[in-house]
Amino acid sequence: MPVMLEVKNHVAYITLNRPEAMNSLDPESIADLAEIWTRVRTDPDIRVAVLTGAGEKSFCTGTDMKKAPPPTECMAATYLREGQPLLPHMKMWKPIIAAINGYAVGGGLEIALACDMRIASSNAKFGLTEVKVASLAGLNGTQALPRSVPQAVAMKMLLTGEMISAEEALRYGLVSDVVEPSALADLARTYAEKIASAAPLSVQATKQAAVLGKDMPLEHGILYSHLLWGVLRDTEDRKEGFKAFGERRTPEFRGA
Ligand SMILES: CC(C)(COP(=O)(O)OP(=O)(O)OC[C@H]1O[C@@H](n2cnc3c(N)ncnc32)[C@H](O)[C@@H]1OP(=O)(O)O)[C@@H](O)C(=O)NCCC(=O)NCCSC(=O)/C(=C/c1ccccc1)CC(=O)O
């Protein structure tokens, strides 16, 4: 399988599984991923997803340039029917954690930028190298990178295709944690299980407030987040959370 999925304790573990090709994305991987994201979005048992690459060398190096199929129709037809091939499938309010276990390059870094949390192994390298192969970081890279690291760093990376190290990525805030390669999966699981143990609707509303609010004027974002708080106010889970606190026990959340 070019992409593997395992669901455990409300966490979807997704692994790009073509280590021999640095987990680059061939057409089968892209189709598999699209299906998996739909499952993550719609399966009520799944509360959070972890995305990683197989092996210790690479998270994902973007388009498989040796297997990219020639176009079968004009771009306008594809674009107006489907929009983008990858990221719309990731659009959901369940959080996605990128566990970056090596190279995150080209479309690979763009996918990581579409995740909510990014943690990395100390051997990870990050680059939007599309200019080197006569293309463009057209999934989200030209927009998301300058919003994720200082503008000067983003422009250097975008225009030269130069990669940065895990240490630099941590310094610029592109990732939140850097650990030894052998510790990455455990750290991803720890964060994912923490998120999965919280009330699912509260987690999803929190992501929505943070993601949508980022592009609103502050005053609007604050009002919007207050409305989302109001949406959560009458949930069974909020009652359970408050009750469990008073009874000094672990709450049992149902997503209701
Ligand atoms: C990452 C590297 C620097 C690693 O170098 P290293 O020397 O350690 O390893 P290699 O020998 O190079 O790799 C081992 C093996 O894997 C194959 N490999 C690696 N990456 C790819 C890839 N992206 N496509 C196909 N094959 C790949 C490599 O050929 C080796 O195979 P072997 O010879 O052993 O059979 C180095 O691998 C590297 O620089 N990789 C390329 C990274 C890159 O340029 N990525 C950008 C691709 S373009 C892209 O992602 C785009 C995304 C997009 C944008 C908008 C809309 C949709 C998609 C742009 C686009 O598609 O146009």
Side-chain angles (χ1 to χ4, degrees), residues 1-19 23-25 28-56 58-62 84-104 107-121 124 126 139-141 144 148 174-177 179 181 183-212 214 237 253-255:
M1 292 284 280
V3 187
M4 297 188 306
L5 169 68
E6 189 195 2
V7 180
K8 211 172 162 194
N9 298 332
H10 303 299
V11 182
Y13 294 94
I14 304 164
T15 306
L16 304 174
N17 187 32
R18 299 176 66 240
N23 300 317
S24 57
L25 298 169
E28 291 76 33
S29 311
I30 292 171
D32 268 16
L33 260 182
E35 236 175 73
I36 287 173
W37 291 129
T38 301
R39 160 98 189 266
V40 171
R41 192 172 47 247
T42 54
D43 184 340
D45 187 46
I46 297 173
R47 297 180 178 182
V48 51
V50 173
L51 177 66
T52 195
E56 287 200 347
S58 179
F59 170 73
C60 175
T61 57
Q84 267 196 354
L86 275 167
L87 304 188
H89 301 281
M90 296 175 72
K91 284 230 177 306
M92 66 181 91
W93 303 120
K94 294 178 186 178
I96 307 173
I97 301 171
I100 301 162
N101 56 309
Y103 287 107
L109 177 52
E110 296 185 90
I111 288 176
L113 284 164
C115 294
D116 304 295
M117 289 172 61
R118 285 174 291 280
I119 60 175
S121 57
F126 304 78
L139 286 174
N140 65 2
S148 305
L174 182 57
V175 299
S176 61
D177 302 73
V179 294
L184 186 67
D186 274 354
L187 183 64
R189 190 175 51 247
T190 301
Y191 282 144
E193 289 188 345
K194 246 181 214 173
I195 293 169
S197 72
L201 296 177
S202 158
V203 167
Q204 290 176 41
T206 299
K207 172 171 168 176
Q208 187 174 108
V211 170
L212 296 185
K214 196 152 59 76
D237 279 354
F253 294 126
R254 294 186 295 111

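Nothing here was measured: the structure is a model prediction, and the numbers come from that model. FYI, side chains are in, hydrogens and waters are out, and symmetry mates aren't considered; it's all heavy atoms of this structure.
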Mind checking whether Leu33 and Ile14 have side chains closer than 4.5 Å, heavy atoms only? yes
What distance do Leu184 atom CG and Glu56 atom CD have between them, rounded to the nearest 0.5 Å? 9.0 Å
Could you report the tightest heavy-atom contact between Ala99 and Phe59, atom names first, then the distance? O-CD1, 3.6 Å
Val211 side chain reached by Trp93 side chain, heavy atoms, under 4.5 Å: yes
Walk me through whether Ser29 and Leu16 qualify under side chain to side chain contact (heavy atoms under 4.5 Å, CB included). CA-CA 8 Å; Ser29 311; Leu16 304 174; 5.6 Å; no
When you compare the side chain of Arg47 with that of Ile195, does any pair of heavy atoms fall below 4.5 Å? no
Give me each pair satisfying side chain to side chain donor-acceptor pair (under 3.5 Å) with a member in residues 94-103, each pair once, sequence neighbours excluded. Thr52-Asn101
State which residue, out of Val179, Leu187, Ile100, fulfils the side chain to side chain contact (heavy atoms under 4.5 Å, CB included) condition with Ile119. Leu187
Backbone N or O of Ser24 within a donor-acceptor pair of the Arg18 side chain at under 3.5 Å? yes
Test side chain to side chain contact (heavy atoms under 4.5 Å, CB included) on Glu35 and Asp32 and set out the steps. CA-CA 5 Å; Glu35 236 175 73; Asp32 268 16; 5.5 Å; no
Can you tell me how far apart OG1 (Thr15) and CG (Leu5) are? Round to the nearest 0.5 Å. 8.5 Å
Partner set under side-chain hydrogen bond (donor to acceptor under 3.5 Å, both in side chains) for Tyr13, not counting sequence neighbours: none
Any donor-acceptor pair under 3.5 Å from His10 side chain to Ile46 backbone: no
So Leu139 and Leu113, side chain to side chain contact (heavy atoms under 4.5 Å, CB included) or not? Walk me through it. CA-CA 10 Å; Leu139 286 174; Leu113 284 164; over 6 Å; no
Gap separating the CG atom of Leu87 from the CE atom of Met90, nearest 0.5 angstrom: 6.5 Å
Heavy atoms of Ala188 and Val50 approach each other most closely as CB-CG1, 3.9 Å
Pairwise side chain to side chain donor-acceptor pair (under 3.5 Å) hits with a residue in residues 201-211, at least two apart: Asp116-Lys207, Gln208-Tyr224
Show your working on side chain to side chain contact (heavy atoms under 4.5 Å, CB included) between Val11 and Arg189 and close with a plain yes or no. CA-CA 8 Å; Val11 182; Arg189 190 175 51 247; over 6 Å; no
How about Leu86 and Trp37: do any of their side-chain heavy atoms sit closer than 4.5 Å? no
Would you name the heavy atoms of Asp237 and Pro200 that are closest together and state the gap between them? OD2-CD, 3.9 Å
Side chains of Val203 and Val48, heavy atoms from C-beta outward: is any pair under 4.5 Å? no
Scanning both residues in full, the closest heavy-atom pair of Ala49 with Val40 reads CB-CG1, 4.1 Å
Ser58 and Asn23: which non-hydrogen atoms are nearest, and at how many Å? O-ND2, 2.7 Å
Quick check for you: to the nearest 0.5 Å, what is the distance between Arg118 atom CZ and Leu109 atom CG? 8.0 Å
I need the minimum non-hydrogen distance between Gly102 and Ser121, along with the two atoms involved. N-OG, 3.8 Å
Hey, what do you get for CZ (Arg39) to CG (Asp45), rounding to the nearest 0.5 Å? 8.0 Å
Measure from the side-chain N and O atoms of Asn140 to the backbone N and O of Glu110, and report whether any donor-acceptor pair falls under 3.5 Å. yes
